[in-house]
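A short write-up of the structure that comes next.
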Number of protein chains: 2
Amino acid sequence: MKLQQLRYFVTVYEQGSFSAAVDKVHATQSGLSMHVSQIEKRYGVTLFERSSSGVTPTEVGRAFYKEAVKVLAAARIAEERLQSLSKTVVGHVHVGLMPTFTRAVLTAVLKRFGTEYPEVRLSVSESYSGNLLQEVREGRLDFGVVPAFVELDEALISKRMGTDHECLVCRSDRELPLTKDGVLLRDVSPLKLVLPGPGNARRRRIENYITANQVQVTDLMELDTMHGTLDMVANSDWVTILSGIMCLPDLKGGPRQVAPLADPPLMVDYMRIETRKRPLSEAAQAFADILQEELNSSLEIEPFSRR
Amino acid sequence: MKLQQLRYFVTVYEQGSFSAAVDKVHATQSGLSMHVSQIEKRYGVTLFERSSSGVTPTEVGRAFYKEAVKVLAAARIAEERLQSLSKTVVGHVHVGLMPTFTRAVLTAVLKRFGTEYPEVRLSVSESYSGNLLQEVREGRLDFGVVPAFVELDEALISKRMGTDHECLVCRSDRELPLTKDGVLLRDVSPLKLVLPGPGNARRRRIENYITANQVQVTDLMELDTMHGTLDMVANSDWVTILSGIMCLPDLKGGPRQVAPLADPPLMVDYMRIETRKRPLSEAAQAFADILQEELNSSLEIEPFSRR
DNA sequence: AGTGGCCATAAGAAAATCGGATAGCCAGAT
DNA sequence: ATCTGGCTATCCGATTTTCTTATGGCCACT
């Protein structure tokens, strides 16, 4: 009898389906199937009735589930006991970041975290805010970082991490109508704008800004690839609007120039979100702290940020 | 975290030594070492202080032990739950037999058991009675079968399985002073006798019989190998004394002849021994039943047994 | 100093696990 | 009736993990 078999069985039981259980535990459908049927074969029982719409537990399956849950609970207690007794911070941290963070801030965080907490295993996934919320809610992520304008529910709590400017990004040799506060978007013409697709949460904010401030957009393009967008902007007349920390690498010169939107500026708040019921593990808290610090110093670096 | 790691850790803890734990769990010293140090590395803790005389748990080790035991207990309950719910008999049976049984009776038992209980895994070990007692006492065997004259203690219970004749075995062309009850040992001369070494429990019984009945032994040889003894007896003037069921294969003719000791006969009782606290599992009971049946029919086959 | 018991580590072999692909099955839609 | 989509079981090659054997270091005891 192995703990992982119990975990798999319990997940399949709770999901009522092998395939639904796949993304709960990090596994494949075939792996789940084999493990469960291995239990069944070894003990000569049938745990589930299989059908084409999933599985329903048998009487035996229900009885075994109760015991299996107890075993897993005991195992988790034992594990936590060990972690709390450990002098060094250990564990496995799962973090979800929006793409904004992964271009510049993340590498700095990773370097520090790797040296300061060498024993901690780290999984960082990049996704858009809607996705991250879901993953946090379902407990697959210790926390996520999302823009402040997404909607939360009861199960989640958030903590503000900082405020950033949305910036115009275009190729470096273009002349921009700069003021001391940044660029006046309505004076940039012709404005050929690259935006993320309609599924993206930032998309609507930018559209609102544009209509509210009478910005004339002559052409609009949807790109949902950040690399593609950056490349496109560097090598054409197209421009885009990105958050400041994402543009940090472009401040040192290069094929792109960056200017914060001015009059009015457009700001983003970043929030850390986590589930209400389970507090961050020590390791996750450590990662969050480092992320916060690096974010702070990044926001300071922005030339326009001290206003 | 894996269950086996917990099992290994707990065993090392209870034994106070890696090498002592080796034969408790079926494992090697290096395997144990690796698993324990894997826990220690993963969680950044030290569970044992190593010394050249074994290990002593640290504070952390003691705390973790308490939790680990709970996990294992829960796991065993879950497993037993599943077994009790299974319609077919499953599990793993460990049996210890004395060499007497392994020559003729065992194969018949194995055949029947294999077909009647295909799901049950079976481990049969052959050993001498002293050893078997120890193994049963320490829980590594579900039960053992030993001669009735061994001494039991409180922790063990026994059940009589049957009575057998000790028989003289010699090469087939030898003339023996047979009566209708068997052979009169004191009339066999010259008596060149092969016996097991002094460590063996049967040795003393046979010696007692010899002196009590004025049997003249001209030569004595100690052989602790059953194969060697049988071969020796088949091809020389040397004879030996074996229990009846062990001689079954020689009754159909062959290089050896067999005759029960007569006037007086020398009998052996076979007992099944098991621990008092844990009753036999269903599978073990089934094996014991089949063994009993086969033993009964073997004892009947003996031509001299119906007296 | 020598010896024996004990634990850690290395490396190769063996075994379990994983992941992708495929096949079968059933229900509901066309 | 056929088709389609969703679900599970199974097969197979590749990877990872686990186990074993052998070896070396350490300490206590002689």
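Quick note on labels: first sequence line is chain A, next is B, and so on, each numbered from 1.
The phosphate of dA9(D) (OP1 or OP2) has a side-chain N or O of S33(A) nearer than 4.0 angstrom. For H26(A), no side-chain nitrogen or oxygen approaches OP1 or OP2 of dC18(C) to under 4.0 Å. Taking only side-chain nitrogens and oxygens, H35(A) comes nearer than 4.0 Å to OP1 or OP2 of dC18(C). Using a 4.0 Å cut-off, no side-chain N or O of K2(A) falls inside it from OP1 or OP2 of dA16(C). Residue Y8(A) places at least one side-chain N or O closer than 4.0 Å to OP1 or OP2 of dC18(C). Under 4.0 angstrom from either OP1 or OP2 of dC18(C) there lies at least one side-chain N or O belonging to Q4(A).
A tilted orientation is assigned to the rings of F287(A) and F143(A), their planes being inclined by 30° to 60°. Ring pair F48(B)/F9(B) is tilted by interplanar angle, where 30° to 60° counts as tilted.
A straight line from CD of E49(A) to C1' of dT8(D) spans 13 Å, rounded to a whole angstrom. A straight line from CD of Q29(B) to C1' of dG24(D) spans 12 Å, rounded to a whole angstrom. Going from atom CD1 of I39(B) over to atom P of dA8(C) covers 13 Å, rounded to whole Å. Taking atom CZ of residue F48(B) and atom P of nucleotide dC6(C), one finds them 15 Å apart after rounding to whole Å.
A donor-acceptor pair shorter than 3.5 Å can be found between the side chains of Q134(A) and E138(A).
Comparing dT20(D), dC7(C), dG19(C) by their nearest atom to the side chain of M34(A) picks out dG19(C). Among dT8(D), dA8(C), dT9(C), the nucleotide with an atom closest to any side-chain atom of F18(A) is dT8(D). The side chain of S52(A) sits closest to dG6(D) out of dA8(C), dT21(D), dG6(D).
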| Can Y13(A) and Y8(A) be said to form a ring-ring contact (aromatic ring centres under 6.0 Å, His included), step by step? | CA-CA 8 Å; Y13(A) 185 101; Y8(A) 283 171; over 10 Å; no
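G31(B) comes within 4.0 angstrom of a nucleotide base, judged by non-hydrogen atoms across all strands. Counting any heavy atom pair closer than 4.0 Å across all strands shown, Q38(B) reaches sugar-phosphate atoms only and no base atom. At a threshold of 4.0 angstrom between heavy atoms, the contacts of S37(A) with the nucleic acid are absent.
Take the nearest nucleotide of DNA chain D for A27(B) and for S19(A): the residue whose nucleotide is more 5' is S19(A). Comparing Q5(A) and S51(A) against DNA chain C, the residue whose closest nucleotide sits nearer the 5' end is Q5(A). With DNA chain C read from its 5' end, the first of the two nearest nucleotides for T28(A) and E40(B) is the one closest to E40(B).
At a cut-off of 3.5 angstrom, the base of dG20(C) holds at least one donor-acceptor pair with the side chain of S30(A).
Looking at T11(B), its side chain does come within 3.5 Å of a backbone N or O of R7(B) through a donor-acceptor pair.
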